[in-house]
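Since the structure comes first, as structure tokens, the remarks are kept for the end.
Whatever order the structure lists them in is the order used to number ligands and atoms, beginning at 1.
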Amino acid sequence: MAPQDHGEDIEALLHELRRFAPPTDFSAHANVDASIYLEADRDPEAFWATQARQLSWETPFTTTLSWEPPQATWFGDGRLNASVNCLDRHLEAGLGSRVAYHWVGEPEGDRQSITYAQLHAMVCQAANALTALGVVAGDRVAIYMPMVPEAVVAMLACARIGAPHSVVFGGFSADALADRILDAGAEVVITADGGYRRGVASGLKVQVDEALERCPGVRSVLVVRRTGQAITMAEGRDHFWHELVETQPATHVPQAFGAEHPLYVMYTSGTTAKPKGILHTTAGYLTHVATTHRLVFDLKAETDVVWTAADIGWVTGHSYIVYGPLCNGATSVLYEGVPDAGGKDRWWRIVEEYGVTILYTAPTTIRTLMKWGEEYPMAHDRSSLRLLGSVGEPINPEAWMWYRRVVGENRCPIVDTWWQTETGGIMITPLPGVTTTKPGAAMRAFPGISVDVVDHEGRSVPNGEGGFLVVTKPWPGMTRGIWGDPERFVDTYWREFEGRYFAGDGAKRDDEGDLWLLGRVDDVMNVSGHRLSTAEVEHALVAHPAVAEAAVVGASDPTTGQAIVAFVTIRLDHENSDGLVEELRAHVGQVIGPIAKPRSILITPELPKTRSGKIMRRLLRDVAEHRTLGDTTTLVDPAVVQMIDDMMRASSDDE
Ligand code: WT7
């Protein structure tokens, strides 16, 4: 394992390093100052306990942390309800008329602003409906929805009755959905007929129907009418949301649950073909996301309009569209569609119209916006913006500079936030108004979080060197495990460096001790900010009858960060027909989802293998990235990879 090689770029960059101090008018009004680092360093547990007391507890906690590596219990004897923290307490504080979400559908004019009082009523109705369907605390509910308000309502209704939700991204296929429903043991699915994406009504219910052929344990399905498309409803199993939910009483008496009660399971890709169900529990998670949302984004809940431009089907949506902002009583934008639906200025129209103050998105999107040209943002008033955030993959300095200069008019601080599905919330980030920033660096651990960069033996590397990123102390939002697989939890994160959490990322400390993230060091790809494992895509490919063997690598891509490149050999009894590559791409889309379709597939007579039979992915990555081939001496036949390299070059010349 070696961190992917971004070393030289960073060296060059550090050379002409530009540091950005927070603008003075920003610093003067920031929520915190530098003393927060000292305070948290002195006693991290006390720091987190102070933050946790800002939640609303039915029974306050008396113990902060118990830590038996790798099992953490935070605020263990406290009791609370997550949905009360997101809703009821704001109503009690007289904030019922504040807007929780400005929802913007993809079709023009499709919009709705929902206050905290309205959201509360909707959640109560949905909680009553789920109860009527027999859902009780501890039952898992799968949610497969477009970006509509009911998706948030569904999550909060589950939280309210203590039923952990498992939201599955709407871009996943029926097969992928079925795998997740089965693994979580969900008996209820909440979905919609479809949603709007790129101007067309996609079908979700039809995918659910297909998935459920493999999931006999699912007894009820709730269906939101979004597009009005024709769907089939299974008698006794399927219920329309408007019939079952909207007829329920709009009040619901919540029950408190233990601090460690499971809040949700979110599936993410690991290094094997089987996705992992990452478990998050209640109090620690809420403390972490509320605190980071307030401090990293310098939130002023009365006046800010925050737009986390992510999908609810990923952890960014869970933490910074739903739980963090709602815990803080903030107003968010919830946008259903793609950035250029209705024109390449769609985003900037939303920013202008709603007066968005905080924008949080992924580098891949920034690069796409950048490619379209600055005339689109420039044509709209962006003076409301005051803070910009980035998440999901390392941000290249060019994109960082564009974000700062064009989008933020050189006056908005940028926070590059490193975290993962497993960490629950932001871990490494500048603090706006406090930390200076550097284009491409996530800078330093959030107060109360301890990280290190270590070598193979687990020793801290000195400034100026790279290594593996580890988290050295437990933190409140940390995953409590992999659903149904405690051994894999230990093996994946805790075995490599005893007592420390191994993130799977390479990192570097620069000469000033600031942190730069260098990408994954394992077989996990990051495509447009989405995590996918090479094994998962290989597994999908070899399931096709024509494929004998497959090797998949993530190759760097100017827009998507990494792109999926596959190398396959064909079974002897199959012809390499003209349409086969397209057929294989479609097949992967069918098995996993469109996000997993390889950018290119090269059909080759052989794959490069070592004498022990292992496919040398490292060399295939060299091929995919058009680099000079690395060391081939351990291969059985170095000519194989040379041939593949020639084929790759020939095929890209054709393009
Ligand atoms: C992986 C986690 C965090 C929510 C979205 C992705 C990469 C994430 C950054 C960043 C460099 C980053 C890492 C990490 N990553 N943020 N600011 N700089 N890399 O969550 O799907 O769990 O993926 O995304 O490689 O391990 P995820």
Side-chain angles (χ1 to χ4, degrees), residues 1 3-4 6 9-10 167 169 171-172 265-271 275-278 280 288-289 292-293 296 308-324 360-366 388-397 399-400 403 414-430 437-446 451 453 466 468-471 477-479 482 492-493 501-508 514-533 536 554 556 560-562 595-596:
M1 277 195 299
Q4 283 163 30
H6 299 278
D9 312 354
I10 288 175
V167 182
F169 175 56
F172 275 121
V265 177
M266 167 101 254
Y267 284 84
T268 186
S269 296
T271 52
K276 306 175 281 199
I278 300 299
H280 284 291
H288 190 160
V289 299
T292 47
H293 187 253
V296 174
T308 294
D311 196 284
I312 271 173
W314 307 106
V315 75
T316 308
H318 281 48
S319 298
Y320 299 109
I321 297 177
V322 181
Y323 290 109
Y360 189 35
T361 189
T364 185
T365 310
I366 299 168
L388 304 173
S390 173
V391 60
E393 53 178 317
I395 180 165
N396 50 314
W400 196 101
Y403 203 24
I414 294 182
V415 289
D416 173 13
T417 62
W418 178 91
W419 57 293
Q420 310 177 297
T421 306
E422 293 88 338
T423 70
I426 294 169
M427 301 291 278
I428 304 177
T429 177
T437 55
K438 299 173 184 177
M443 301 302 287
R444 61 189 293 184
F446 184 79
V451 303
V453 182
F468 305 102
L469 180 70
V470 294
V471 187
M478 67 194 282
T479 174
I482 297 175
T492 311
Y493 308 106
Y501 172 86
F502 174 48
D505 280 56
K508 174 177 174 132
D514 295 320
L515 290 166
W516 298 70
L517 278 306
L518 303 177
R520 303 287 308 192
V521 295
D522 51 14
D523 289 327
V524 172
M525 300 176 286
N526 191 323
V527 182
S528 300
H530 300 319
R531 211 206 273 197
L532 285 163
S533 84
E536 208 173 351
S556 64
T560 59
Q562 284 189 311
I595 47 167

From Glu393 atom CD to Thr560 atom OG1, the distance as rounded to the nearest 0.5 Å: 8.0 Å
Heavy atoms only: which of Ile428, Leu532, Asp505 is nearest to atom 25 (O) of ligand 1? Asp505
Mind checking the CD1-OG1 spacing from Ile426 to Thr417? Nearest 0.5 Å is all I need. 4.5 Å
Among all the protein's non-hydrogen atoms, which is closest to atom 10 (C) of ligand 1, and how far away is it? Glu393 O, 3.5 Å
Using a 4.0 Å cutoff against the non-hydrogen atoms of Thr316, which atoms of ligand 1 qualify? 4 (C), 5 (C)
Do any nitrogen or oxygen atoms of Arg520 lie less than 3.5 angstrom from nitrogen or oxygen atoms of ligand 1? yes
When you measure from atom 1 (C) of ligand 1 to each heavy atom in Trp419, Tyr320, Trp516, which option holds the nearest one? Trp419
Subset of ligand 1 atoms that lie under 4.0 Å from at least one heavy atom of Arg531: 2 (C), 21 (O), 22 (O), 23 (O), 27 (P)
With a 6.0 Å cut-off on ring centres, are Tyr320 and Trp419 close enough? yes
4.0 Å heavy-atom contact, Gly392 with ligand 1: yes
Just wondering, do Arg520 and Gln562 contact through their side chains at under 4.5 Å, heavy atoms? no
Atoms of ligand 1 close to Asp416 [distance to a heavy atom under 4.0 angstrom, numbered from 1]: 10 (C), 17 (N)
Atoms of ligand 1 under 4.0 Å from any heavy atom of Val391, numbered from 1 in the order shown, are 3 (C), 4 (C)
Which ligand 1 atoms, with their elements, are less than 4.0 angstrom from a heavy-atom of Val315? 4 (C)
Heavy-atom side-chain contact between Asp505 and Gln420 under 4.5 Å: yes
Gap separating the CD1 atom of Ile395 from the CH2 atom of Trp400, nearest 0.5 angstrom: 8.5 Å
Distance, nearest 0.5 Å, that separates CE of Met478 from OH of Tyr501: 8.5 Å
Using 30° and 60° as the class boundaries, would you call the ring planes of Phe502 and Phe468 parallel, tilted or perpendicular? perpendicular
How far is atom 11 (C) of ligand 1 from its nearest protein heavy atom, and which residue and atom name does that atom have? Pro394 N, 3.1 Å
Nearest-0.5 Å distance that lies between atom OG in Ser390 and atom CG in Asn396: 9.0 Å
Between NE2 of His318 and CG of Asp311, what distance do you get to the nearest 0.5 Å? 10.0 Å
Counting non-hydrogen protein atoms only, what is the nearest one to atom 22 (O) of ligand 1? Give residue, atom name and distance. Thr421 OG1, 2.5 Å
Counting from 1 in the order shown, the ligand 1 atoms closer than 4.0 Å to a non-hydrogen atom of Leu517 are 11 (C), 18 (N)
So the atoms of ligand 1 within less than 4.0 Å of a heavy atom of Asn526 turn out to be 7 (C), 24 (O)
For ligand 1, which atoms, with element, lie under 4.0 Å from some heavy atom of Thr417? 9 (C), 10 (C), 16 (N), 17 (N)
